[in-house]
Amino acid sequence: MKGISRITIIGIIIVILIIAGVAYYMMLQTQAPAKEVIVIGVTDKVTDIDPANAYDFYTWEVLNNIMEGLTKYKPGTTEITMGIAESYTVSDDGLTWTFKLRKNLKFADGTPCKAQDVVRSIKRVMEIQGDPSWLVTSFVDDVVALDDYTVQFKLKHAVSYFLALLATPPYFPVHPNYKPHEIDSDQTAGGVGPYMIKEWKRNELLVLEENPNYYGEKPKTKRIVIKFYQSSSALRLALESGEIDIAWRTLSPQDIEGLRGKKGISVLEVPGAAIRYIILNTQMDPTSSKLVRQALAAAIDRKDICKRVYLDTWVPLYSLIPNGMWSHEDVFKKKYGEGPNLDLAKSLLKQAGYSESNKLHIELWYTPTHYGDTEADLATVLKEQWEATGMIEVTIKSEEWGAYVDDARKGVFMASLFGWYPDYIDPDDYTTPFLDSRANSWTGSGYSNDEVDSLLDQASTSTDINTRTNLYKQVQTILADDVPIIPLIQGKLFIAYKSDIKGIVLDPVMLFRYYLVYRG
Amino acid sequence: MGKLANYLVVRSLLAIPTILVLVTLVFILMRLTGDPIAAMVGMKAPPEVIAELRHKAGLDLPIHEQYIRYITGVFTGDLGKTLLYDRPVIKDILDHFPATLELTIYSFIISVLIGVFTGTVAAINQGKFEDVLMRFYGIFTYAIFIPWFGLLLQMVFGNWLGIIPIGGRLSAYISPPPFITGLYTIDSLLTGRLDAFFDALRHLIGPSFTLGIVLSGSYTRIVRANLVDILSQDFITAARARGLRDSLVIKHALKNALIPVITLMGLEFAILLTGAVLTETTFSWNGLGSYLVDMIRNSDYIAVQGTVVFFAIFVSIISVIVDALYAIIDPRIRY
Amino acid sequence: MKSRILGVFKMRGGGFLAAGLIIVITIILLSLLADVITPYSPIKRVGDSFIPPSWEHPFGTNKLGMDMFARIVYGGRTVLSVVILATILSMSIGTALGLISGYVGGKLDRGLSFIMDSIYVFPSLILAIAITAVLGPNIINAIIAIGIIYIPTYFRMVRGQTLQIKASLFIEAARSIGADSLRIMVKYILPNLLPTILVVFSMNAADAILTEAGLAFLGYSVPPPTPDWGFELQVGVNYILSGYWWLIFFPGLMVTLLAMGFALIGEGLTDILNPREVT
Amino acid sequence: MDGEVALYTEDLGVRYYIQRGVVKALDDVNFRLYKASLTGVVGESGCGKSTLGRAIIRVLPPNGEITSGRIIYNGVNIVELSEEEMRKLRGREIGLVMQDPMTSLDPLMSVKDHLLETILEHIEVSRDEALKMAEEALSSVGLSRELLKSYPHQLSGGQRQRVAIALATVLKPKILIADEPTTALDVIVQKKVLDLIEDLMRELSLTVMLITHDIALAAERADYIGVMYAGHLVEYGRVDQVIEDPQHPYTQLLLKSVPDIENISMVQSIPGLPPDLVNPPPGCRFHPRCPYKMDICIREEPKMIEVGEGHYVACLLRRR
């Protein structure tokens, strides 16, 4: 049967030629993006383009570019300035806040935006009770429009960081098109921001275009295209091949390493506000013993973690309040040394009654995907570090995010890995949710300390920054002694971009402002 | 033709109990998980909010009522709303499904072409070196671990040679063609968007060859076995004895050998979907497989339930289509 | 010409079987003797990160500086124990159910067959992920999940054969001398099923290996730092662009080799035990 | 001697390769077909008679091959022809009708397509002319042209065998090999099909090789008879020579096993079984079953010797 093979060989050759031809043709197709457009790639997802329910970092970033609140952060700083409000007054008891709106506010389609819109939007958030609604409902008793340009808040209690809260999306005014009583996930009408949404394909692309009715300065680039990728590698390759101009969240450590020093590509690095830590259960044996918790804290080598797990894309953190934020103090470094302090750890363990033959058994929990794919490595390295004392044996366990959060709240974890992105930039957001016994039930640490509770109360209502700084320092010192939580590391932000892109401003607020970038 | 229609209706009705069993299985499985609501709200939400959401999702109802509600939903096309985004599950599924369909169609074509070719070469050289080689090919591809093969392709052709993209369905600078079928290659041709067509095709090369080659092994085996059987039959000898060219003889044999292969395609399709989950994950292909994995990771059990049910229905529909195809192609079948 | 046809005909079956056995036995030996073969612990740092393959580290080192060769040979233990236990689970349950269903017949048979067929047509990996996601990712649950999804494979085959054997004369004879049902099933039918079970077992083991690796790849098998091939590959995804090919190549190769080993055994056994093809 | 030889074989040998070893399916076969006559080849199943037929048209199964000897047709050794040259001979010069009409047609093709395909493969005619030829071929085997559109499963067994004969003779070949063409048919249809073959033989002056296990049938229809046993041709001659004066003990036993209408109780069956051709017995392959076995039969392989004019036998008893 020889006839067949000749035909099939010819067939195969033809197929190969076609594939090769098409591939070649398509390689020629790779073209540079147009000039007035900047393409940004991300691996994050936009969940709901609705401030009433969006409660993740990346969606907040998008919302910050298409909407604006009464206040906003000054780019490059953590300083609060006025947004769509011109000015404000606050009553002496700190409970009544009155804001004057700018006069010329319009939504992207020309609909005017008045005080009533602000009130409607905030009340909508309170009614829908979406995930971030607590940022309003925990503080605001009522909000009213005194006239077209005046908004007045009545608070439940004095809040020293209320202006920072106002800069979060739940307080942003939204277009009347948003469904009044329910979540409107794919609504593209937007708010009063420098950009408006031109096109939206979930998980594929988001096209933003200059809002012609924006009151403020025009964006430097007319159109921003955001492409959604599923892996860091794909994102990196897209930048290298010229598909995108900017590779933003989140490049993996090895891809950042790989992009550094590539011709025509720049990598910008700034400190971030994300922190990682271990929660210890103070109600469960053996971590109920303070000595054990202190020993665990002493044995940790944060530099090794940063280097091996994160290839130095994170930095060591010795307190819950991040490096660079006011009131931050390296309390763990002071108490346990830079680490690993194995001698201290061993002697603490001996005091607690453990030895090489009678080992301390620790169950360490992590969740595999929520914090990126380095999580298993983090758990592995922690196991290695703790076991280096020779007196600890660690079992690693994991659960998917849903069950993980659930079980953490139930307090069934002995030691668990968590992370925190701030809601608002204030030390309060880094202390109260973790240490205040009335707010920290989600951690499952079971930690309760009356002294800490009262210190935090004072700090959150006081308006004097020196008083507050002092109070937070005391809280941190107690934290390092009680160790319900071991702070580990603090993130850095990385953004890789083609070298002709200018105007990239990143700050600890971690929001990337698209309207400032341009092609130089 | 009326008879065929009857046959199809009866055959489709027979698929319903199968779907019911799977739906029930999935329902039971999913109710065994921890609290799915916690997954959605994250760690900062207060208990009242959680209770409210449990109520909204119907989780506070007795289990049998939840079941009845669910089954009714399935048969009326309502698969509930995702916990994560509060979107109708069916909408999410239909958003992601075209990507999976496009991938599976191309993979299917590739696997059948390669499988028929290798199987034929093996069968007509039965017992010779080519046969052993092709059988080995069948076994090897059967055993290939999809992510491995996909990553190697990405590494060699995507990174080193730079010929193919390493993931995704379309380049960033190409805007997707207008939605008609959701299959980029088809939509772009229908709207004359040649740039999008070639770009989509380029993105299809990696994943569809990965899945296609891995699955071709099964076809090699099936085609070979059937063809060996057919080739030993009298009508093939008779055809050769009439002096027909080998290519014609093989055409006779192949036609007959491929008919049983069609019935196996239904089953193969389930394997194809399994492979699609891994291929999509490996190639960042935003299809139903990635969606499922994503939703499992988020413990969005309503979305998982819906997707699994959709897969079950899809597999059943495919098997009905395969049966119909079989009935139409083979003149011997009287339905 | 003459000798060529002859030679290949002779090596058919036997050749596949021998090749398969060599691969599988080698891998089993490697993992059993892991402690002897490599001086390194699979879960401890032994050197710098990302060392390419060398004499000292034949498969290189990974991000945390662990020896990849050690992780691969120890990882074989994980894979093999999951797969062997899982296939034994599905084999015993599937065979028992198939035997009873085929022998007893009637409503029980129809009901069981129906459920089994429904599971059988469903994409197996998807079902396995769903089961492990529900039960929680650990080694026991991976075994259970893989065990469950392959029950129908054995069930269908055993049931079919039982129906055939049940109708044959010697069963009639056994019944006429007063053997009870259990005795007939265990003493008369089961031994006749063994060759086929053996073939299905080896083909199924290949499937189970791929499913286990798939589960591990998606993060649903053993927790780290326990080495597991599929999981290594999941980690490897990050290194496509970094050129750390050894982190991808070796773990996947092992999965494919082991699965191929079992598939070769299955193919060889099919040729030898069963002149007709089993597809 | 009457008649001209149309085709003959010289020391033809065929081997099959199976897992167990090598099957010596044909050994040293010297066989001939006379022009425009009917030669019957008889023997028990597995004796190699079908293999002989298939070897002549060179369509052995994939694991079989001609390992020795020659097949001379028109002065050419067709064993040495290339596959393409041989292909042109098949159907055009030598036709084959197979045993089971149920399986010898492609179930997915209509009768018309079968015929057209065969015609167009060999001669350059238009489709219309080919169609005309197809219709003629059908009517020459006594079938109506309505059946052209039918598929094999719609035909009766007899109709199918007629179609098969039409297919084998549509190009008017010189030689027709009919391999048990009637075994699968009932008695009445059997006779009609055989009559048809005889008619065609006269009409087209065909040379027919009729392979059958039924020696009575061969005696009735054939002009010449070859008797085969275990891969050997043991006796060959004109029908009257072989039937009236069988020289080989096997032929004699075969003839005795034919049921006689008058004396049915006299039927004898041949004791023993045909040998395993992977390991055939030494010497004469028939010796284990031969009533006249001699010591030499175990050691020496008998050669064909001529015992009468054109009457050959391979038996040591007949050695002069």
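Chain letters run A, B, ... following the sequence lines, proteins first, then strands; residues in each count from 1.
At a 4.5 Å heavy-atom cutoff, the contact between Ser290(B) and chain A is made by side-chain atoms alone. No part of Asp95(B) comes within reach of chain A, as not one of its non-hydrogen atoms sits under 4.5 angstrom from that chain. Neither the backbone nor the side chain of Lys251(B) has a heavy atom closer than 4.5 Å to any heavy atom of chain A. Interface residue Asp186(A): only side-chain heavy atoms are found under 4.5 Å from chain B. Looking at Tyr291(B), there are no atoms closer than 4.5 Å to chain A (heavy atoms on both sides), in backbone or side chain. Proximity to chain A is absent for every atom of Arg245(B), based on heavy atoms less than 4.5 angstrom apart.
Remark: Phe97(B) CZ is packed, more than 12 non-hydrogen atoms of other residues, nucleotides or ligands lying under 6.0 Å away.
Atom-to-atom distance recorded for Lys201(A):NZ and Leu170(B):CG is 9.0 Å, nearest 0.5 angstrom.
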